[in-house]
Amino acid sequence: MDIVKRGVQYFFDGTPFKIIYLILTLLTFNSFTAHTTYLTMFAYFVTALGGIVLLYRIIFLKRFIRTPNLLFLGLFLVSFIVSSAINYKYGIMENVQGFIWMALQFCILYACDDTKDPEFYKKEFHILSILLIIYLMIGVFVSFYFLITGQGGMMERADGVLYGFIWGRLWGMFTEPNNAATTMCVGVMLCFYFFKISKKIWIKVGCWVLIALYSSYIMLSDSRTGLMCFIIESFVMAYLLVINPNKRNWKKLSTQAIAIGIAVLMALASFFGIYFAKKGYNSIQTALTTYQNINIEEGQNNNHTTDIHRPDLTIGREQDLENDFSNRRFDLWKSGLELFATSPVFGVGFRNIVAAAKDKIPDTYAVNNDQGDFASFHSMFVDILASQGIVGVVIIAPFIIFTLISMFRLIVKKLNKDYMYVITLFSVIMSIGASAFVSPDIFYVNTQNAFIFWTFLGYLMHVSYKKRQEQKAIKGKRLIETDASENITAQLN
């Protein structure tokens, strides 16, 4: 009976749901499984499990309501409902689905049980991290196989699902290279974390091998979003390792100067490392192609015909970006602002972007271009403006501000053995947060990066809350001791 009770409690704690939810998000952006019937059925299963866990959390609301800044996310959900209700003519079920997934992200991934010790969530973090690292390792090997064999194109079973090497960049087994490259950046940070905390040589060596593999995918994907995330997390991690409050006085000007200097060097090393690796790779590919062409010409001169032509595997999208450095983003952001202007207070609802744009401003770029309809404006802030208007922005702005304050206060505390854990969470959050400026990665979407962001942010806020509780307890104890000392002194006098 004790085993059954522990198993039931473990389920309601949310860890099994998070594992299954992470698997769902990973498979959703996997070229082999995206848009398949069984994945849709799996999504319904995950939703049902999430509903059960969510009901448990509603019943025991007092244990979760103290999660820092959770109230703002609750109000954001209410704003989402209002925006959807006002614009119900554009669709209902899509908005219901969007609400459910956001509720699961906010109330299960982000909200943490204040009766749990941070060590509980650190163990959960290890489980999810190892799962993600293994998946990314498999993804890199499969992707490299496509690259080596020159395979790439569109999956026959589903329109729009691409794989392999295509359009001058490596997609591999992922449906979207920018999304995958951002996740690879997360994988780099997680491997570095295990390198730092592990004492086994084979694990340390393995972590650096994986870091090299993940970095190679970032380079081969030619993702500027991935490169930006890679640079930011390298800067943040280097800076935080130097100012470590456990070892030195982070307030000293000399410490800050050294930390910033080393962080800048790491950021530059990340940028130029990818840059020169790309140039070196392209030089090798060009040489191989030239060598094959010479052999083909010699074969033709000797009356030996061949139809074997080596595919062009050089990395680069210079021609696509020559006339538009933003790769359509500036046009999309302008389109988002145009849609915002049509409903500035409550917005049009995220799941209604295409329908509302066609109805209100049919000539706007998002639904009037040579590529197709865009259901997102590739920027978290423009998405919120257009989807939930000024009300949504007013609600989410204090959430962002107060959360940043809590995180910055936490990373300068003496956290001892938890410091590496905390700064890894912080680096990943800042990296994905930066990607949200140019891609839909946090709100409204059901991606692995959104999962990672909300889960890791929840862990970080839980540690922050517990540290504040410890400080309050210490201050309270000191006040009691002071009052007792004063009473004894008064009695003696």
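Numbers here simply count residues along the sequence, with the first being 1. Atoms considered below: every heavy atom in the structure, side chains included; atoms not considered: hydrogens, waters and symmetry mates.
In terms of the salt bridge (Lys or Arg N to Asp or Glu O under 4.0 Å) criterion, residue partners of Lys417 (sequence neighbours excluded) are, by chain and number, Glu119.
In this structure, His126 has its ring center closer than 6.0 angstrom to the ring center of Tyr193. Ring-centre distance between Phe443 and Phe76: below the 6.0 Å cut-off.
The side chain to side chain donor-acceptor pair (under 3.5 Å) pairs that include a residue from residues 59-78 are Tyr56-Arg63, Arg63-Asp113, Arg66-Asp114, Asn69-Thr403, where partners are two or more places apart or lie in different chains.
Ring planes of Phe399 and Trp454: tilted class, angle from 30 to 60°. Using bins of under 30°, 30° to 60° and over 60° for the plane-to-plane angle, the ring pair Tyr21/Phe17 lands in the tilted bin.
A donor-acceptor pair shorter than 3.5 Å cannot be found between the side chains of Tyr365 and Glu338.
The CG atom of Leu339 sits 5.0 Å away from the CZ atom of Phe377 when rounded to the nearest 0.5 Å.
Between Asp117 and Lys466, none of the side-chain N atoms (NZ, or NE/NH1/NH2) sits under 4.0 Å from a carboxylate O, so this pair counts as no salt bridge.
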Checklist entry - Which is it for Ile262 and Ile258 under the side chain to side chain contact (heavy atoms under 4.5 Å, CB included) test, yes or no, and what are the steps along the way? => result CA-CA 6 Å; Ile262 292 176; Ile258 293 171; 3.7 Å; yes

Next on the checklist: Before you tell me yes or no, could you show the steps for Phe426 and Phe408 under ring pair (Phe, Tyr, Trp, His ring centres under 6.0 Å), namely the whole-Å CA-CA distance, both residues' side-chain angles and the distance that decides it to 0.1 Å?
Outcome noted: CA-CA 9 Å; Phe426 182 81; Phe408 288 133; 5.7 Å; yes

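Partner of Trp208 under the ring pair (Phe, Tyr, Trp, His ring centres under 6.0 Å) criterion, out of Phe195, Trp202, Tyr214, Phe194: Phe195 alone.
For the pair Lys204 (side chain) and Ser198 (backbone), a donor-acceptor distance under 3.5 Å is present.
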